[in-house]
Enquirer: 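Below are the structure tokens for one structure; questions will follow.
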Number of protein chains: 2
Amino acid sequence: MSRQPPTELMNERAQHLLRVLIDRYIREGEPVGSRTLARDSRLDLSPATVRNVMSDLEEMGFVAAPHTSAGRIPTVQGYRLFVDSLLNIQPLDSVQVEQLRQELWAEETDSGRLIETASNLLSDITRMAGVVTLPRREHVALRRIDFLPLSQNRILVILVINEKEVQNRIIQTDRTFSASELETIANFLNAHFAGKDIHAVRTHLIDEMQQTRQDMNDLMMSVVSVAEKVFSGEDSDEEDYVLAGQTNLMQFRELSDVEKLRELFEAFNRKRDILHLLDKCICANGVQLFIGEESGYQVLDECSLVTAPYSVEGEVIGVLGVIGPTRMAYDRIIPIVDATARLLGAALNSRN
Amino acid sequence: MSRQPPTELMNERAQHLLRVLIDRYIREGEPVGSRTLARDSRLDLSPATVRNVMSDLEEMGFVAAPHTSAGRIPTVQGYRLFVDSLLNIQPLDSVQVEQLRQELWAEETDSGRLIETASNLLSDITRMAGVVTLPRREHVALRRIDFLPLSQNRILVILVINEKEVQNRIIQTDRTFSASELETIANFLNAHFAGKDIHAVRTHLIDEMQQTRQDMNDLMMSVVSVAEKVFSGEDSDEEDYVLAGQTNLMQFRELSDVEKLRELFEAFNRKRDILHLLDKCICANGVQLFIGEESGYQVLDECSLVTAPYSVEGEVIGVLGVIGPTRMAYDRIIPIVDATARLLGAALNSRN
DNA sequence: CTTAGCACTCAATGAAAAGGAGTGCTAAGT
DNA sequence: ACTTAGCACTCCTTTTCATTGAGTGCTAAG
């Protein structure tokens with residue numbers, strides 16, 4: 001019943017037509033008909049011939065027709081072939097890279113703000129949503145620890161890690177510690193563990209605890225009991241990301257259904273699914289794409305996600321990316337995501 | 001041409017009917033016709049009589065008809081009268097208050113998290129958007145200051161204020177300071193200014209600077225030059241708020257236009273207008289409402305804002321509230337906002 | 001293999017008709 | 001003097017139906 005297949009399963013011409021079709025569809029957002037495609041392709045083919053080719057492409061699953069008398073639009077599989085084989089990605093030209101670097105390095109900031117800036121940059125440039133996971137290092141060097149007594153056996157702990165990140169938390173202790181006691185404990189910890197990996201510190205202290213406490217002098221007793229509280233929260237493994245430009249997604253025709261949009265935004269707030277998806281990209285060694293349903297999450301069915309891991313000193317510590325409608329200008333987005341990931345890594349590195 | 005006005009400008013019966021109308025409109029969201037209203041009012045009036053009353057109410061500007069053959073819906077003026085005179089607000093019953101308190105006091109947290117929890121609470125309970133401005137105290141007591149040298153003449157400053165808030169910033173100095181120098185400076189500042197108001201410290205230091213530097217010894221020179229950098233950022237006056245439950249707003253029929261919604265969300269991101277509006281509420285001494293256009297911001301035309309200031313030790317330090325469609329259950333929302341403001345104030349207070 | 005021709009499909013647009021909820025007005029009832 | 005039944009009228013909503021036009025698939029000829 002179907003017309004006889006071309007000699008090669010997918011010849012040059014068909015690929016070219018598919019590329020032109022997707023190009024046009026990405027620009028215009030409307031199903032592309034045979035007449036238009038014939039004209040656009042500059043191949044001097046009649047619409048009828050194009051129709052035959054389209055029929056083949058449809059059978060192969062690369063394009064689909066919304067209804068009988070509409071043109072064709074790419075399927076996920078079509079986009080996949082497009083980005084994998086038909087698209088020649090130009091790295092961002094150096095002027096643009098420099099401009100990106102400027103914006104990212106603009107102010108003297110901590111890594112938290114840097115992440116935010118990166119996310120904003122991504123969303124501003126692409127006019128879609130930007131996402132950057134918080135960096136998460138394997139090795140967390142303790143630089144300094146300080147205590148301040150609060151009321152009711154509570155202690156404010158100030159932790160400086162990785163040279164310049166400041167964390168603070170409040171711990172509840174079994175007994176009251178005086179300011180000078182706390183100072184002694186802090187001095188001890190700083191003297192013994194400054195520069196050490198925080199996980200190492202933790203396991204070391206757990207080992208201490210295993211010993212019968214009889215052996216210890218008062219100082220050590222205090223140190224262990226306080227430090228245990230401090231570092232026990234360390235494994236909380238709270239991943240998180242910074243999202244920017246959600247509102248950009250609201251202007252796309254294909255995402256204009258309020259209910260769908262609500263579900264998408266709720267997935268963003270819930271974070272779990274998106275994080276899970278981003279985690280998958282952390283091991284890819286470059287730009288990675290999820291097109292439409294490829295993500296496996298229904299809320300993202302109409303969306304594509306372009307990601308790249310970023311790293312400091314060779315260690316991948318996070319992922320960033322862009323979320324937009326499946327119909328996005330991949331050739332423009334991919335280099336941007338790629339460059340931003342490199343620049344963010346560099347920026348985080350230089351600030352140590 | 002219009003029927004003769006009732007003896008009183010707005011009699012008991014008209015008020016009752018207006019209340020019933022708004023009650024019903026808030027519940028159902030559809031224009032209310034005379035038949036329905038006659039039935040609902042339990043006044044044993046015929047639809048025709050009700051129509052006459054509605055005609056009067058319309059002339060007075062309290063209700064409006066979307067079109068000739070629709071029922072009536074409240075105008076902003078109608079809502080205003082409703083909340084000001086027709087609504088008897090019951091304070092939240094003590095069980096609910098207790099429940100709120102539980103949720104707010106659930107964990108041992110810093111004020112930042114507390115604000116977030118409050119915002120989430122507001123949005124969860126009301127199924128609308130919750131907003132809480134960051135607290136901003138007139139008096140900020142310096143508890144402790146610490147310095148850590150970074151590379152390239154940069155210094156990491158850790159500031160503990162108001163007993164338990166931790167701030168950190170990075171300053172760039174003209175020359176390199178050694179760790180021990182920094183320690184000396186910190187000791188000096190801590191010894192002289194701990195417990196003092198941070199603005200007082202700042203003006204004091206500016207005064208010092210006015211003197212010719214000849215008079216100073218080296219220590220003072222260093223102290224002044226570093227402290228100046230630290231405290232100069234203090235007046236940044238950055239207001240901000242925490243918004244929660246934006247997505248809740250997407251399920252309301254009256255806000256279902258994507259473009260309108262986008263503008264609203266963008267106003268939320270821009271923050272300026274919303275902050276300006278919230279600022280107006282900081283001087284009100286209780287719950288304040290902006291209904292529809294009353295806000296003066298077009299993006300909020302379809303929305304109402306219910307706010308209440310929250311305070312610690314009698315000093316108002318912030319505002320919280322709920323944003324939802326004009327058609328909201330004011331009788332339920334107002335007590336919730338009121339109670340949350342009190343509880344947040346109390347929670348912030350107890351943590352000193 | 002390509003293409004012109006043609007019948008056919010189907011979304012989109014718009015006009016017309018039907019239905020219905022609710023109003024305003026008038027005149028009669030209390 | 002207020003209340004109400006009755007009725008004509010308005011205008012939104014929904015449905016139906018015809019029209020249009022873009023685009024297709026198929027066939028037969030080049």
Side-chain angles (χ1 to χ4, degrees), chain A residues 1-14 16-17 20-21 24-25 28-60 62-75 253-254 256, chain B residues 1-14 16-18 20-21 24-25 28-60 62-75 253-254:
Chain A
M1 51 166 42
S2 90
R3 58 195 320 282
Q4 134 180 341
T7 26
E8 313 145 71
L9 215 145
M10 174 109 181
N11 62 24
E12 191 68 32
R13 194 178 64 180
H16 177 76
L17 283 172
V20 174
L21 182 144
R24 173 152 187 131
Y25 181 70
E28 309 285 334
E30 309 256 287
V32 185
S34 55
R35 175 184 302 277
T36 321
L37 194 48
R39 199 174 349 95
D40 271 26
S41 71
R42 316 192 112 288
L43 279 187
D44 198 32
L45 289 177
S46 76
T49 311
V50 172
R51 279 205 286 281
N52 288 332
V53 178
M54 296 324 279
S55 185
D56 294 342
L57 286 175
E58 183 159 18
E59 198 149 334
M60 289 186 265
F62 296 119
V63 298
H67 56 86
T68 338
S69 71
R72 302 304 211 290
I73 60 175
T75 59
R253 231 192 321 346
E254 43 266 82
S256 64
Chain B
M1 53 168 41
S2 91
R3 58 196 322 285
Q4 135 180 340
T7 27
E8 313 145 70
L9 216 145
M10 175 106 181
N11 62 26
E12 190 68 30
R13 194 178 65 182
H16 177 74
L17 282 172
L18 180 58
V20 174
L21 182 144
R24 173 153 186 130
Y25 181 69
E28 308 285 333
E30 309 256 286
V32 184
S34 54
R35 176 184 300 279
T36 321
L37 194 48
R39 201 175 347 94
D40 270 27
S41 72
R42 316 194 111 287
L43 279 188
D44 198 29
L45 290 177
S46 76
T49 310
V50 172
R51 279 204 287 280
N52 289 331
V53 178
M54 295 324 279
S55 184
D56 296 341
L57 286 175
E58 180 158 21
E59 200 149 332
M60 290 187 266
F62 296 120
V63 298
H67 56 86
T68 339
S69 70
R72 302 304 210 292
I73 60 175
T75 60
R253 231 194 320 344
E254 44 266 84

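Per chain, numbering begins at 1; letters A, B, ... match sequence-line order.
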Enquirer: Mind checking the CG-CD spacing from B:Asp40 to B:Glu28? Nearest 0.5 Å is all I need.
Expert: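 Output value for this atom pair is 8.5 Å.
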
Enquirer: Can you identify which nucleotide, out of D:dT24, C:dT3, C:dG24, has its nearest atom closest to the B:Arg51 side chain?
Expert: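 Among the listed nucleotides, the one closest to the side chain of B:Arg51 is C:dG24.
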
Enquirer: C:dG24, OP1 or OP2 - any side-chain N/O from B:Thr68 closer than 4.0 Å?
Expert: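 Negative; the distance criterion is not met.
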
Enquirer: Taking only side-chain nitrogens and oxygens of A:Arg13, does any of them come within less than 4.0 Å of OP1 or OP2 of C:dC1?
Expert: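 It does not, given that no N or O in the side chain of A:Arg13 lies less than 4.0 Å from OP1 or OP2 of C:dC1.
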
Enquirer: Nearest to the side chain of B:Ser46, heavy atoms from C-beta on, is which of D:dC11, D:dT4, C:dC6?
Expert: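 When the side chain of B:Ser46 is considered, D:dT4 is the closest of D:dC11, D:dT4, C:dC6.
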
Enquirer: May I ask you to say what B:Ala70 touches in the nucleic acid, namely base, sugar-phosphate or nothing, with a heavy-atom cut-off under 4.0 Å?
Expert: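 Sugar-phosphate contact only - B:Ala70 comes under 4.0 Å of backbone atoms but never of a base.
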
Enquirer: In Å and rounded to the nearest 0.5 Å, what is the CZ to OG distance from A:Arg72 to A:Ser34?
Expert: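 Output value for this atom pair is 8.5 Å.
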
Enquirer: Can you find a pair of side-chain heavy atoms, one from A:His16 and one from A:Arg42, that are under 4.5 Å apart?
Expert: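 With C-beta onward as the side chain, the pair stays apart.
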
Enquirer: Does B:Arg72 have a side-chain nitrogen or oxygen under 4.0 Å from the phosphate oxygens OP1 or OP2 of C:dG24?
Expert: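 Yes.
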
Enquirer: Rounded to the nearest Å, what distance is computed from the CD atom of residue A:Glu30 to the C1' atom of nucleotide C:dA12?
Expert: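 Going from A:Glu30 (CD) to C:dA12 (C1'), I get 12 Å.
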
Enquirer: Just wondering, are more than 12 heavy atoms of other shown residues or ligands nearer than 6.0 Å to CZ in B:Arg35?
Expert: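 Count not over threshold, so no.
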
Enquirer: Find the distance B:Leu45:CG to D:dA5:C1' and express it as a whole number of Å.
Expert: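 That distance rounds to 15 Å.
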
Enquirer: With heavy-atom distances below 4.5 Å as the criterion, would you say the side chains of A:Arg24 and A:Leu37 are in contact?
Expert: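 They are not in contact (no side-chain heavy atoms under 4.5 Å apart), so the answer is no.
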
Enquirer: I need the CD1-C1' distance between A:Ile73 and D:dA22, as an integer number of Å.
Expert: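 It is 16 Å, rounded to the nearest whole Å.
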
Enquirer: Nearest nucleotide by nearest heavy atom, which residue falls closer to the 5' end of DNA chain D, A:Ala48 or B:Ala48?
Expert: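 With B:Ala48 and A:Ala48 compared, the 5'-side residue is B:Ala48.
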
Enquirer: Calculate the interatomic distance between B:Asn11 atom CG and D:dA1 atom P; express it in whole Å.
Expert: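 Distance, rounded to whole Å: 17 Å.
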
Enquirer: Return the value, rounded to whole Å, for the distance between atom CG of A:Leu21 and atom P of D:dT24.
Expert: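 Going from CG in A:Leu21 over to P in D:dT24 covers 10 Å.
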
Enquirer: Between P on D:dG25 and CG on A:Asp56, what's the gap in Å once rounded to a whole number?
Expert: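 So the CG-P distance, A:Asp56 to D:dG25, works out to 10 Å.
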
Enquirer: Do A:Ser69 and C:dC10 share a donor-acceptor pair, side chain to base, under 3.5 Å?
Expert: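 Donor-acceptor pair under 3.5 Å: yes.
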
Enquirer: Can you measure A:His67 atom NE2 to D:dG23 atom P for me and round it to whole angstrom units?
Expert: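 My rounded result for the distance is 10 Å.
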
Enquirer: What is the distance, rounded to the nearest whole Å, between atom CG of A:Leu43 and atom C1' of C:dT2?
Expert: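 Atom-to-atom, A:Leu43 to C:dT2, this comes out as 14 Å.
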
Enquirer: Which base, if any, makes a Watson-Crick or G-U wobble pair with C:dG5, both distances under 3.5 Å?
Expert: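 Looking at the geometry, C:dG5 pairs with D:dC26.
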
